[in-house]
There are 2 protein chains.
Amino acid sequence: MHAYTPALLAALALTSAAAQAATTNKLSASDVIKASQPSEWRPLDPGNTLYMDLPAGRVVIELAPEFAPKHAANIRTLVKEHYFDGLVVLRSHDNYVAQWGDADEKNPRPLGSAQAKLAAEFTAPMANDKHFVRLPDHDGYAPQVGHSNGFPVGRDPKTKTTWLTHCYGMVGVGRDMDADSGSGTSLYAVTGHAPRHLDRNITVVGRVVSGMPLLSSLPRGTGPLGFYEKPEQNVPIKSIRLAADVPEAERSHLEVMRTDSASFKAVAESQRNRPGPWTKVPAGYIELCNVTIPVREQAR
Amino acid sequence: MHAYTPALLAALALTSAAAQAATTNKLSASDVIKASQPSEWRPLDPGNTLYMDLPAGRVVIELAPEFAPKHAANIRTLVKEHYFDGLVVLRSHDNYVAQWGDADEKNPRPLGSAQAKLAAEFTAPMANDKHFVRLPDHDGYAPQVGHSNGFPVGRDPKTKTTWLTHCYGMVGVGRDMDADSGSGTSLYAVTGHAPRHLDRNITVVGRVVSGMPLLSSLPRGTGPLGFYEKPEQNVPIKSIRLAADVPEAERSHLEVMRTDSASFKAVAESQRNRPGPWTKVPAGYIELCNVTIPVREQAR
């Protein structure tokens, strides 16, 4: 480790809310997390958790079957039949998405028992969403925003619909021109500023809960739309597996803060009005995609 | 080049507004750019443009002296006296910032004739900002938002202040606890979802107009706050130079769309309500940091 220089300390001050909060009564996000109760966390469901193992490490994706049941089921089928094993990350578009799937047009991989096209699941009925907790903060893209069971959500009481939003780390399903043309064979994760205009235009199926740097720091593709131009630039996927199918010793053991908990509300408030002497003008507002959804290793 | 597979085509459809717009009367952003007039673009001012040359290529930064005159001047002094040459990018914090400066605490580089601390320039008087064009879209972090001379801006008519906002690619000045503790020796660029809570809490001095992937795709630091843990992980800066001091043959020749032009307004509208058959539900809204500020090579 190199020592911290004045420049580095200045940099640390840029974000070190925990230290700053010591001088106030208000808690920083990290203080809130430390003080949270075990009951305010839930483990990932192995039946809805994917491990995408890349040469550099593991990306853990939580599926959201309440929002996209058909797509989540189809992806589970693809995964169980090893569809993705040996395929590639073929696109890294700066400030937008990393995308993976089959790069071989001449010999496309057969889909096995999975469906080739699915009805769009751009929105879900509000009645299906039992866990929504609304943020008080205004949003330009949706009448209401908040969180449902660990996912950022927009909803519209007029149309009685709810949908997952394209925040950093969210995972969506590539599709062609038709709304019903996606299947889950081509997936992407948001790696830049939230492209919220995609909300309600594409099926979102989950969220990367661990391993985002493995996707976000990939070299940017120099082809159109950030596709890699040469096959050797594609990043091989060792495998994508359902956590439930992975031997216990190889599993990741992560838990997500319950987004209907008091601590989660406190995390959002700590980011809406940051405590401590570094912050001179608290924002008094937090935009949906700036709310951290805490994830940590389970105590074992 | 590998061929485009169905998966790739689906992916292309994710963003290919130009092709989609062919079926409507509305123009996509790329169509607007193609149809724009030469007078709607301005070249970068060599006296306010920095070239940060890294081993992998050049990052071009436009300074914003109207918003941070003291910091822009101090940075120009540091650059002219070769302060940054041989220093490093020492931090890559996922979904946040890349930061550069002096990593050597024991033998910090002398500042030459530059100032070690400057009065904060978190906001500027609205009267100084002659080029503001307001967006009609609501913003949670600022009473008004728009663009001034190529930069994303927030402002508050009540306090008669204006400020640069922390959108992707914006460049700010690291500081310590005191508002007046920054100097420009430690700089960062936003590489993730806009951390708008930093607005009005730190001096923003400019914007990366070219070369963002060189910063955004750096390996993430594994130390606290994304600092690199080993000196050999730091990314060396060959030099940071003022464009005006660089021989003509080595200069980049970029131009920025004037943000008070009709074409810029049309670009924003094309992103607010995307044309073409792919988009099923136009957003009807655009968030400040999602508005593209077009940059291109000058025709020569």
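Quick note on labels: first sequence line is chain A, next is B, and so on, each numbered from 1.
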Can you tell me how far the CG atom of B:L218 sits from the OG atom of A:S216, to the nearest 0.5 Å?
-> 11.0 Å
Indicate the atoms forming the closest heavy-atom contact of B:P219 with A:S217, along with that distance.
-> CA-CB, 4.4 Å
Heavy-atom distance under 4.5 Å between the side chains of B:K280 and A:R200, does that happen here?
-> no
Residues in side chain to side chain contact (heavy atoms under 4.5 Å, CB included) with A:N273, at least two apart?
-> A:K26, A:E269, A:P282
List for me each residue that meets salt bridge (charged side-chain N to carboxylate O under 4.0 Å, His left out) alongside B:E287, sequence neighbours excluded, and say none if there are none.
-> B:R196
Could you state the interatomic distance from OG1 (A:T279) to CE (B:M177), rounded to the nearest 0.5 Å?
-> 9.5 Å
Atom of A:W278, atom of B:N201 and distance for their closest heavy-atom approach = CH2-O, 3.8 Å
Quick one: of B:A194, B:G192, B:G182, who has the most non-hydrogen atom pairs under 4.5 Å with chain A?
-> B:A194
Assert top hit (heavy-atom pairs under 4.5 Å, partner chain B, pool A:A142, A:S92, A:P213) equals A:P213
Roughly how far apart are A:H193 NE2 and B:C289 SG, rounded to 0.5 Å?
-> 5.0 Å
Using distance alone, with no hydrogens and no angle criterion, decide if B:Y168 and A:D94 have a side-chain donor and acceptor under 3.5 Å apart.
-> yes
Relative to chain B, which segment of A:L214 carries a heavy atom at a distance below 4.5 Å: side chain, backbone, both, or neither?
-> neither
Mind telling me whether A:Y285 and B:Y141 have parallel, tilted or perpendicular rings, with 30° and 60° as the class edges?
-> perpendicular
Given A:H197 and B:Q271, is the side chain to side chain contact (heavy atoms under 4.5 Å, CB included) satisfied, shown in steps?
-> CA-CA 8 Å; A:H197 60 277; B:Q271 299 185 315; over 6 Å; no
